[in-house]
Amino acid sequence: FREPLVCLPPSDHRLATRKLISVADLRHEPFVTVSKEAAPDFSELLLEQCRTAGFRPRVVLESPRAQAVALMVATGSGVALLPASAASLAKDLSVTLRLREKVAINHVFAMRSAEPNPWISKFAGLLAGRR
């Protein structure tokens with residue numbers, strides 16, 4: 001499953017009225033991120049995007065869960081780059097901005113084929129429908 005990365009600023013942020021931004025527009029912003037321990041590849045993707053834009057992100061808060069990051073953004077703690085599905089968690093208190101860079105993240109799921117669990121099979125069916 002592949003989904004775009006989006007920027008999530010608080011709803012009262014100076015960039016909140018824009019629909020499309022560049023990662024470089026976030027150069028001076030405090031970042032709230034998913035911790036490197038919880039998601040090393042995602043953390044590296046964030047650093048790579050910022051390096052390409054010419055800066056190192058100033059990370060002020062981290063969490064092992066994307067849901068917590070979205071809520072920290074909603075309280076005004078900083079901005080975040082998150083998968084679009086995670087950004088929707090705080091949609092009433094933040095906004096979702098598309099990135100000019102068209103960055104995407106791949107989610108990979110695996111399951112045992114022996115002794116299939118009906119709930120896991122339903123989840124796999126939902127994922128297959130999102131391709």
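Remember, it's a predicted structure, so these values are computed and weren't measured experimentally. Side chains included, hydrogens not; waters and symmetry mates left out as well; all remaining heavy atoms used. Numbers here are sequence positions counted from 1.
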Study note, to complete from the structure: Residue pairs passing the side chain to side chain donor-acceptor pair (under 3.5 Å) test with at least one member in residues 32-53, sequence neighbours excluded, are E44-R51
Check your understanding: Which pair of non-hydrogen atoms, one from E3 and one from P83, has the smallest distance, and what is that distance?
Key -> OE2-CB, 3.2 Å
List the atom pairs, with distances to 0.1 Å, where a side-chain N or O of residues 71-81 and a protein N or O form a donor-acceptor pair under 3.5 Å, not counting sequence neighbours.
residue: T75; atom: OG1; partner: M72; partner atom: O; Å: 2.8
residue: T75; atom: OG1; partner: S77; partner atom: OG; Å: 3.3
residue: S77; atom: OG; partner: M72; partner atom: O; Å: 3.3

N/O donor-acceptor pairs under 3.5 Å from side chains in residues 57-67, not counting sequence neighbours:
residue: S63; atom: OG; partner: R65; partner atom: N; Å: 3.2
residue: S63; atom: OG; partner: R65; partner atom: O; Å: 3.4

Practice item. Give the C-alpha distance, both sets of side-chain angles, the deciding distance and a yes or no for side-chain contact (heavy atoms from CB on, under 4.5 Å) between L8 and V32. Key: CA-CA 10 Å; L8 190 66; V32 181; over 6 Å; no
Under 3.5 Å, side-chain donor or acceptor atoms of residues 93-101 against the rest of the protein: list the pairs with distances, not counting sequence neighbours.
residue: S94; atom: OG; partner: A90; partner atom: O; Å: 2.8
residue: E101; atom: OE1; partner: V23; partner atom: N; Å: 3.2
residue: E101; atom: OE2; partner: S22; partner atom: OG; Å: 2.7
residue: E101; atom: OE2; partner: V23; partner atom: N; Å: 3.0

Review point. Out of curiosity, does I105 fall in the hydrophobic cluster containing V6 (side-chain heavy atoms, cut-off under 4.5 Å, transitive links)?
Key: no
Point to revise | Contacts of A104 that satisfy side chain to side chain contact (heavy atoms under 4.5 Å, CB included) - sequence neighbours left out | key: R2
Point to revise | Side-chain touch L5/L46, heavy atoms, less than 4.5 angstrom | key: no
Review point. Does F31 share a hydrophobic cluster with L15, counting links as ILVMFWY side-chain heavy atoms below 4.5 Å and allowing steps through other members?
Key: yes
**Study point:** Over all atoms of both residues, closest heavy-atom pair of F55 and A24
**Key:** CE2-CA, 4.1 Å
Check your understanding: Say you draw a straight line from CG of L47 to CZ of F42; how long is it, rounded to the nearest 0.5 Å?
Key -> 10.5 Å
Practice item. Would you name the heavy atoms of C7 and P9 that are closest together and state the gap between them? Key: O-CD, 3.5 Å
Review point. For residues 7-16, which residue pairs qualify under side chain to side chain donor-acceptor pair (under 3.5 Å), counting only residues two or more places apart or in two chains?
Key: H13-E29, R14-E29
